[in-house]
*Asks:* 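Input: one structure, supplied below.
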Amino acid sequence: MKRALFGFIIVLALFSAVILNACGDDDDSDSDSDSPDDDTASPDDDANDDADDDDDIATPESILAKYSAMADAVAASMNDEQYFHDDTWHMHYGDGFMYGPSYDMAAATRTGDEFHAQRGIAALDTNMFMVEAASESLGGLIEAFGQVENLSMALLGLLETAPYLQVPEYTQSAANLIRLVDILSKLMGDYLPPELGEFAGMTYGPTAISSMIALLQMGLVIADPAGDVQAHLDRTAEILERIHETAWSDEAGIYRFAPDDDRLMLYPNATMMLAYGRALELTGNSQYAHRISDIYEGIQPLRAVSGDHFYSPYSREEAGAEDVDYATLSSQNYLMIGLWLAWANTGEQRYLDDVDRILGWIESHLFVDGLLKHHWVNGRVADERDLYDFCSGCNLQTLYIMQIIALDAAAL
């Protein structure tokens, strides 16, 4: 029995961690902190003020005007059959199962394009098959161990697309699996201990992966507004409060990577910002807005001297980075989603301005030959010299962000 329970816990730890999959960016246990070195400190307040003065005030419409050409080029490139065939995305390191159909269904909703609708539904049918196979029992979840990375993203894809495509079978499949995940989360007190698995514990950290459990509960609220909404919101509040009690540092003003790890890291704070933004959207609880603001202030030391992106060296050592200015596309994407939710639910301009700046950095630094490259390292964009230089999943993330902005802009 103890052996079986340990197996279940390990599956949940890995299952949750890969939700944060950064397209193959496995970290090393000796990875450097996300904090910049002392001699490369982030810009001071005056520098930030100057940057603000130089920037136009961003709006959803202005962001679309600036970056739609880039998004259109990336979208055209991603239509190549090498990236999507046999009803599934390829070369995506897991992210395609969520962001592929999410992008397609948002695009279909906005434009009525049948190509996007058909491709999105085909991908979601594949997702549902995977999720149902794992939802039959805890044993079924363990049997899916070898495909857990793809499984987690497939689950989130079914939830994220529900506002664009109401298919009860998709939502029910997701709910069945989340029920099992929630059982395991409760067994661990809603905060995953860092010793559970090197990948889960050392790459993104237990704070980041625990926040994803809360996002699953909120996903069900959005996907099934006629369901037991209050129960899911109550569970969300329990999980978020448990994370806060365990990982928030009053002294540093950040969420710790782990309870005993005070390094300033981008992923745990970006994902908590994202979770609080979604919670604020669903509940209107002003406490979540205050916590978003606290996180935003806390991550400012990670802001690049240029002011237009944030350092994210969780895989800096693996990538061979020789200076502090290392950033991956996926980390900027996750932060942008959190910033967008923060702006959409508080109206604070600083969050939207940062979405604008980050997209500008992506266009100027990672946009090459109609596609977005994987990261920036040693003063150059990733290329064939690097272990990873491209993944379709990161490109789909950015495309989905642009669709969210376009849909919200149309609704304003």
Side-chain angles (χ1 to χ4, degrees), residues 23 51 54-80 83-84 89 92 95-96 98-120 123 160-161 163-165 306-310 327-344 347 349-376 381 390-412:
C23 311
D54 292 339
D55 291 345
D56 294 332
I57 296 176
T59 65
E61 293 82 2
S62 71
I63 291 174
L64 289 175
K66 288 181 183 179
Y67 308 117
S68 285
M70 175 182 69
D72 290 345
V74 173
S77 297
M78 294 303 297
N79 289 342
D80 192 304
Y83 302 123
F84 186 86
W89 287 94
H92 60 87
D95 290 299
M98 175 184 176
Y99 289 101
S102 297
Y103 155 60
D104 274 329
M105 297 318 304
T109 298
R110 187 172 71 88
T111 67
D113 191 317
E114 189 64 20
F115 169 77
H116 284 293
Q118 291 180 359
R119 188 171 67 180
E160 194 71 15
T161 55
Y164 314 119
L165 181 72
S306 59
D308 54 7
H309 65 289
F310 287 73
T328 61
L329 175 58
S330 65
S331 66
Q332 307 307 301
N333 283 335
Y334 275 106
L335 180 57
M336 279 196 293
I337 295 172
L339 290 165
W340 178 264
L341 286 171
W343 171 79
Q349 186 65 36
R350 56 181 177 167
Y351 302 132
L352 188 61
D353 287 342
D354 269 345
V355 173
D356 186 11
R357 294 187 188 107
I358 293 170
L359 280 169
W361 178 82
I362 289 172
E363 182 179 55
S364 63
H365 287 69
L366 303 184
F367 183 43
V368 179
D369 296 332
L371 287 169
L372 302 176
K373 304 305 285 282
H374 188 267
H375 60 269
W376 179 263
V381 68
F390 166 81
C391 78
S392 64
C394 290
N395 282 254
L396 292 168
Q397 288 173 350
T398 307
L399 289 176
Y400 183 43
I401 290 168
M402 290 298 294
Q403 291 298 324
I404 293 173
I405 294 172
L407 284 166
D408 285 3
L412 291 176

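As the structure is a computational prediction, the values presented were derived from the model and not from experiment.
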*Asks:* So, do Tyr334 and Phe310 have ring centers that fall under 6.0 Å from each other?
*Replies:*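 Between Tyr334 and Phe310, the centre distance exceeds or equals 6.0 Å.
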
*Asks:* From Met402 CE over to Tyr67 OH, what is the distance, rounded to the nearest 0.5 angstrom?
*Replies:*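 The OH atom of Tyr67 is 9.0 Å from CE of Met402, to the nearest 0.5 Å.
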
*Asks:* Do you know which two heavy atoms are closest between Ala409 and Leu64, and how far apart they sit?
*Replies:*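 Nearest pair, atom of Ala409 first, then Leu64: CB-CD1, 3.9 Å.
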
*Asks:* Quick one: OG on Ser364 to CE on Met70, what's the gap to the nearest 0.5 Å?
*Replies:*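 Ser364 OG to Met70 CE: 9.5 Å, rounded to 0.5 Å.
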
*Asks:* Do Arg357 and Asp354 sit within salt-bridge range, that is, some charged N less than 4.0 Å from a carboxylate O?
*Replies:*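 Answer for the salt bridge query: yes.
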
*Asks:* Which heavy atom in Gly120 sits nearest to a heavy atom in Met105, and how many Å separate them?
*Replies:*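 Here Gly120 and Met105 meet closest at CA-SD, 3.7 Å.
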
*Asks:* How many angstroms lie between atom CH2 of Trp343 and atom CG of Asp408, to the nearest 0.5 angstrom?
*Replies:*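 Going from CH2 on Trp343 over to CG on Asp408, the span is 7.0 Å.
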
*Asks:* Look up atom CD1 in Ile362 and atom CD in Gln332, then write down how far apart they are to the nearest 0.5 Å.
*Replies:*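 Those atoms lie 6.5 Å apart.
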
*Asks:* Could you grab the distance from atom CE of Met78 to atom CG of Leu399, nearest 0.5 Å is fine?
*Replies:*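 Nearest 0.5 Å value for the CE-CG distance: 7.0 Å.
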
*Asks:* If you take all heavy atoms of Pro60 and Trp340, which pair is closest and at what distance?
*Replies:*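 For Pro60 and Trp340, the tightest heavy-atom pair comes out as CG-CH2, 3.9 Å.
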
*Asks:* Check the angle between the aromatic planes of His116 and Tyr103 and answer parallel, tilted or perpendicular using the 30° and 60° thresholds.
*Replies:*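 If you compare the ring of His116 with that of Tyr103, the planes turn out perpendicular.
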
*Asks:* Side chains of Ser392 and Tyr99: does their closest heavy-atom pair fall under 4.5 Å?
*Replies:*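 The answer is no; the side chains never approach within 4.5 Å.
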
*Asks:* Assign the ring pair His309 / His365 to parallel, tilted or perpendicular, where the plane angle (0 to 90°) is split at 30° and 60°.
*Replies:*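 Rings of His309 and His365: tilted, as their planes differ by 30° to 60°.
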
*Asks:* Just by distance, do the side chain of Asn395 and the backbone of Leu372 share a donor-acceptor pair under 3.5 Å?
*Replies:*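 Flag set: sc Asn395 to bb Leu372 pair under 3.5 Å.
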
*Asks:* Apply the test side chain to side chain contact (heavy atoms under 4.5 Å, CB included) to residues Phe367 and Val74: give CA-CA distance (whole Å), side-chain angles for both, the deciding distance (0.1 Å), then the verdict.
*Replies:* CA-CA 9 Å; Phe367 183 43; Val74 173; 3.9 Å; yes

*Asks:* Give the minimum heavy-atom separation between Gly96 and Trp89, together with the two atoms involved.
*Replies:*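 So the two residues come closest at O-CD1, 3.5 Å.
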
*Asks:* Using the side chain to side chain contact (heavy atoms under 4.5 Å, CB included) rule, take Leu329 and His374 through it: C-alpha gap first, then chi angles, then the decisive distance, then the call.
*Replies:* CA-CA 6 Å; Leu329 175 58; His374 188 267; 6.0 Å; no

*Asks:* Hey, mind stepping through Leu352 and Asp356 against side chain to side chain contact (heavy atoms under 4.5 Å, CB included) and telling me if it holds?
*Replies:* CA-CA 6 Å; Leu352 188 61; Asp356 186 11; over 6 Å; no

*Asks:* Backbone N or O of Gly370 within a donor-acceptor pair of the Ser77 side chain at under 3.5 Å?
*Replies:*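 Answer holds: yes.
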
*Asks:* Between Ser62 and Ala58 (side chain of the first, backbone of the second, donor and acceptor by atom type, cut-off under 3.5 Å), is there such a pair?
*Replies:*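 Not a single qualifying donor-acceptor pair exists.
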
*Asks:* Is it true that Tyr164 and Asp104 share a donor-acceptor pair across their side chains at a distance under 3.5 Å?
*Replies:*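 Result is no, nothing qualifies.
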
*Asks:* To the nearest 0.5 Å, how far apart are SG in Cys394 and CG in Leu371?
*Replies:*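 Atom-to-atom, Cys394:SG and Leu371:CG are 12.0 Å apart.
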
*Asks:* For side chain to side chain contact (heavy atoms under 4.5 Å, CB included), just list the numbers for Asn79 and Phe115, CA-CA rounded to whole Å, side-chain angles, deciding distance to a tenth of an Å, and then say yes or no.
*Replies:* CA-CA 10 Å; Asn79 289 342; Phe115 169 77; 3.5 Å; yes

